[in-house]
Amino acid sequence: MFEKILIANRGEIACRVIRSAKKLGIATVAVYSDADAQSQHVKLADEAIHIGESPAAQSYLQIDRIIQAAIDTGAQAIHPGYGFLSENDQFAEACQANNITFIGPPVAAILAMGLKATSKALMEKAGVPLTPGYHGSNQDAEFLKQQADGIGYPVLIKASAGGGGKGMRLVERSEDFLGSLASCKSEAKSSFGNDEVLIERYVINPRHIEVQVFGDSHGNYVHLFERDCSVQRRHQKVLEEAPAPLVSQDKLDAMRQAAIDAARAVDYVGAGTVEFIVEQDGTAYFMEMNTRLQVEHPVTEMITGVDLVEWQLRVAFGEPLPKQQDQLKIHGHAIEARVYAEEPEKGFIPAIGQISYLHYPEQNQHVRVDSGIVQGDEISTYYDPMIAKLIVWGENREAALLQMHHALGQFHVDGLGNNIAFLDRIIRCNSFKNAKLDTNLIQREDEFLFKNIQSLQPELVVATALTELLLRFSKNKPASNPVWQSETLWRVNISPSYAIKLKLDEALVQVNLSAEQEGFVAEYQGEKFHISGQLLNAHTAHFNINGKQAKIAFSQNAQGLTIFKNGQSHKFGYLNQKFSSEDTQSTEGNLKAPMPGVITQVLVAANDQVKKDDVLMTLEAMKMEYSIRAPHDGIVAASYFQAGDQVKAGDELVEFQALTEEVA
């Protein structure tokens with residue numbers, strides 16, 4: 001086995017690889033950028049080498065620096081993780097040229113599967129089922145339109161070199177095709193340096209199911225069953241589960257065999273994922289093959305008991321697969337949720353800043369957390385804003401859903417926005433509970449996920465007020481002492497009372513607390529509650545409200561008190577803080593950057609006259625592109641940035657003037 005490997009990645013996947021390597025007695029080398037100098041993967045590795053500045057293009061994408069780090073530390077192999085250089089054929093070739101083992105497939109397999117059009121031609125030859133469409137090299141616009149007309153609308157235009165939803169357009173009418181084609185090619189050229197596209201029939205209400213495959217250098221191939229990854233937003237996966245529910249056995253068998261055929265067709269070695277677009281009846285069409293480990297690989301590990309990273313290391317070293325197909329069985333059901341620093345209610349805009357409080361669910365045989373983030377870490381603009389992957393296991397899907405709901409309720413983040421409550425609403429919505437899965441699930445459940453958020457129960461508001469009072473008097477008293485037993489609160493023949501004032505969603509919240517024999521009488525919105533309680537520790541309080549006992553978790557900082565309950569978080573601000581935030585796209589004056597990022601396009605110049613909703617600039621942050629639009633008809637007085645410029649949240653981008661009648 002290898003004595004030392006280098007991990008050419010960061011965050012949770014680097015930590016994940018390090019754990020498996022250590023289990024095998026393999027020494028590890030981490031690489032890091034300026035922003036990651038104090039990151040967990042750096043601290044977990046045996047050695048760490050600085051490779052550049054914070055932007056990935058200046059560090060984690062620098063092939064020469066990573067190869068040199070491996071040479072300097074004597075690493076015999078490099079694990080690329082996922083993302084960054086994991087599917088880069090030039091990186092794999094550089095490893096080979098320097099006698100370093102690339103823990104991944106052969107260069108030829110990466111090249112064969114790297115372009116969608118090329119891979120689909122290979123799959124067609126291998127008998128793997130494809131979505132009806134055109135995957136050829138003729139890129140003449142009129143020819144492509146003819147192909148689309150022949151396929152029948154709706155169709156998808158997809159960048160051949162694309163991924164992550166970029167360079168993709170849905171076209172529903174023939175007359176819209178050429179305009180969508182031009183837009184798709186432009187985005188593909190900008191994102192991938194390649195504007196070639198393919199055309200496919202658009203599958204209505206499709207499921208996204210992928211099969212985990214593994215090959216070794218001895219000609220052995222296995223599949224480790226499938227994962228359903230249908231729940232997506234902006235073509236990015238949100239929840240994944242294994243095995244795929246409500247698909248007939250014959251359809252599953254066909255899909256799994258097609259995945260093996262795909263791997264065999266390119267002499268694949270190592271871990272790979274064959275992705276399928278699947279009709280509601282279970283009919284599957286090859287979409288692409290990811291020649292690397294997937295983000296969602298833990299659900300496969302949970303149902304098979306296999307350590308996929310260990311398999312990668314063994315196969316890369318030249319060993320045969322540890323198990324053959326008849327030795328692999330499905331045990332139970334697993335679900336993975338990607339916990340992100342983002343604001344789902346604001347279009348999933350990434351949340352940037354420091355995590356002031358972080359509490360992970362307790363890990364056991366049913367609950368697993370993969371993360372490279374700890375309390376105090378900062379989510380920056382340089383990398384993906386994922387905080388952690390939460391993976392749960394149950395004897396069946398229903399049990400796994402209960403585990404996920406409970407685990408999300410124990411996952412607490414404060415200091416910046418996150419999607420924990422949103423994830424909990426997804427697993428509780430009817431479509432997901434009943435396994436009615438397709439890539440439009442989030443849009444279909446819009447009412448439940450975004451518009452049907454329950455108002456705060458008065459009991460929780462009252463408990464929050466008492467928590468605040470307990471915290472005020474806990475500094476000089478043991479945490480186990482109830483507040484009403486504190487001498488500070490007693491006056492002879494006078495019942496002490498307190499008015500606790502906090503802010504919640506811009507509204508003033510006031511709870512009046514009056515001490516009585518066994519606690520307090522709390523008055524809120526005309527109702528009275530008998531309440532007693534105590535702090536159990538720095539982040540947990542216990543209460544008795546009208547004879548009903550309950551615990552709540554909380555976090556406190558200078559801005560206020562955050563209460564965590566049933567997967568939801570509720571921020572109660574202090575009155576001396578500023579609670580309103582300016583709209584970053586004001587309808588008057590200058591338009592501001594909604595978040596830190598890089599300007600990708602400037603579509604206007606000074607004195608340009610624009611219409612309401614015209615795109616003035618585009619901004620890229622956290623792998624997503626945002627459009628800065630005109631709030632109404634007007635004139636661009638000035639544009640302050642150019643394409644490629646880095647901007648901070650709140651930076652003025654465009655000086656915008658309303659269109660007056662004189663100008664009109």
Side-chain angles (χ1 to χ4, degrees), residues 157 159 162 164-173 175-176 178-191 232-236 340 342-352 381 385 417 442-443 446 449-451 580-664:
I157 307 173
K166 290 189 175 182
M168 183 183 297
R169 297 292 186 276
L170 172 62
V171 187
E172 300 188 65
R173 305 182 308 166
E175 52 265 42
D176 296 333
L178 292 177
S180 296
L181 176 65
S183 175
C184 182
K185 279 182 165 288
S186 175
E187 184 176 41
K189 185 69 173 178
S190 173
S191 299
Q232 303 178 7
R233 55 105 174 104
R234 291 179 174 171
H235 304 287
Q236 297 288 327
Y340 273 90
E342 65 183 11
E343 304 276 5
E345 291 77 17
K346 298 179 182 178
F348 299 98
I349 187 171
I352 310 301
T381 60
I442 289 177
Q443 294 92 319
D446 178 77
L449 296 177
F450 297 105
K451 301 173 184 176
S580 61
S581 59
E582 295 181 7
D583 183 358
T584 56
Q585 293 236 32
S586 171
T587 58
E588 300 295 337
N590 295 355
L591 303 183
K592 299 178 181 180
M595 71 189 73
V598 176
I599 300 296
T600 53
Q601 294 182 90
V602 178
L603 304 174
V604 292
N607 300 318
D608 281 357
Q609 186 171 319
V610 296
K611 296 288 187 181
K612 183 179 184 296
D613 292 329
D614 281 355
V615 178
L616 311 180
M617 282 185 176
T618 56
L619 171 75
E620 185 176 281
M622 303 293 199
K623 298 183 179 179
M624 290 186 281
E625 190 170 77
Y626 299 85
S627 296
I628 308 300
R629 298 178 181 272
H632 45 67
D633 294 355
I635 291 178
V636 175
S639 175
Y640 299 123
F641 291 94
Q642 297 178 342
D645 287 349
Q646 184 91 27
V647 296
K648 303 186 297 295
D651 277 355
E652 295 177 349
L653 304 177
V654 175
E655 184 179 344
F656 187 82
Q657 295 178 354
L659 190 61
T660 65
E661 291 186 6
E662 288 184 6
V663 174

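Reckoned from all heavy atoms, side chains included, excluding hydrogens, waters and symmetry mates.
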Inset, instruction - Specify the closest pair of heavy atoms between Val602 and Ser639, including all atoms of both residues, with the distance to one decimal. - result: CG1-OG, 3.7 Å
Legend entry - Residues forming a salt bridge (charged side-chain N to carboxylate O under 4.0 Å, His left out) with Asp645, sequence neighbours excluded: none
Legend entry - Distance-minimising heavy-atom pair for Met168 and Cys184: N-SG, 4.0 Å
Legend entry - Tyr640 side chain near Val647 side chain, heavy-atom distance below 4.5 Å: no
Inset, instruction - Write down the atom of Ala606, the atom of Ala637, and the distance for their closest heavy-atom approach. - result: CB-O, 3.6 Å
Legend entry - With Glu172 via salt bridge (charged side-chain N to carboxylate O under 4.0 Å, His left out) - residues at least two apart: none
Inset, instruction - Mind checking the CD1-CD spacing from Ile635 to Glu655? Nearest 0.5 Å is all I need. - result: 11.5 Å
Inset, instruction - Report the C-alpha distance between Leu653 and Ile599 in whole Å, list the side-chain angles of each, state the deciding distance to 0.1 Å, and finish with yes or no for side chain to side chain contact (heavy atoms under 4.5 Å, CB included). - result: CA-CA 10 Å; Leu653 304 177; Ile599 300 296; 4.2 Å; yes
Inset, instruction - Kindly compute the distance separating CE (Met617) from OG1 (Thr600), expressed to the nearest 0.5 Å. - result: 10.0 Å
Legend entry - Under 3.5 Å donor-acceptor, Asp608 side chain and Ala605 backbone: yes
Legend entry - Exercise: identify the closest heavy-atom pair between His632 and Phe656: O-CZ, 3.0 Å
Inset, instruction - Report, as yes or no, whether the 6.0 Å neighbourhood of atom CD on Glu175 holds more than 12 heavy atoms from other residues, nucleotides or ligands. - result: yes
Legend entry - Check: Lys611 main-chain N/O paired with Asp633 side-chain donor or acceptor under 3.5 Å: no
Legend entry - Ser183 OG to Leu178 CG distance, which is reported to the nearest 0.5 Å: 12.5 Å
Legend entry - Pro344 to Phe450 - nearest heavy-atom pair and separation: O-CE2, 3.4 Å
Inset, instruction - Find the distance between CD1 (Ile352) and CD (Glu342) and round it off to the nearest 0.5 Å. - result: 11.0 Å
Legend entry - Among Ile628, Leu619, Thr618, the one residue meeting side chain to side chain contact (heavy atoms under 4.5 Å, CB included) with Gln601: Thr618
Inset, instruction - Please report the closest heavy-atom contact between Phe641 and Glu652, naming both atoms and the distance. - result: CE1-O, 3.2 Å
Legend entry - Listed partners of Val598 passing side chain to side chain contact (heavy atoms under 4.5 Å, CB included), at least two apart: Gln646
Inset, instruction - Drop me the distance from Gln443's CD to Gln232's CD, to the nearest 0.5 angstrom. - result: 9.5 Å
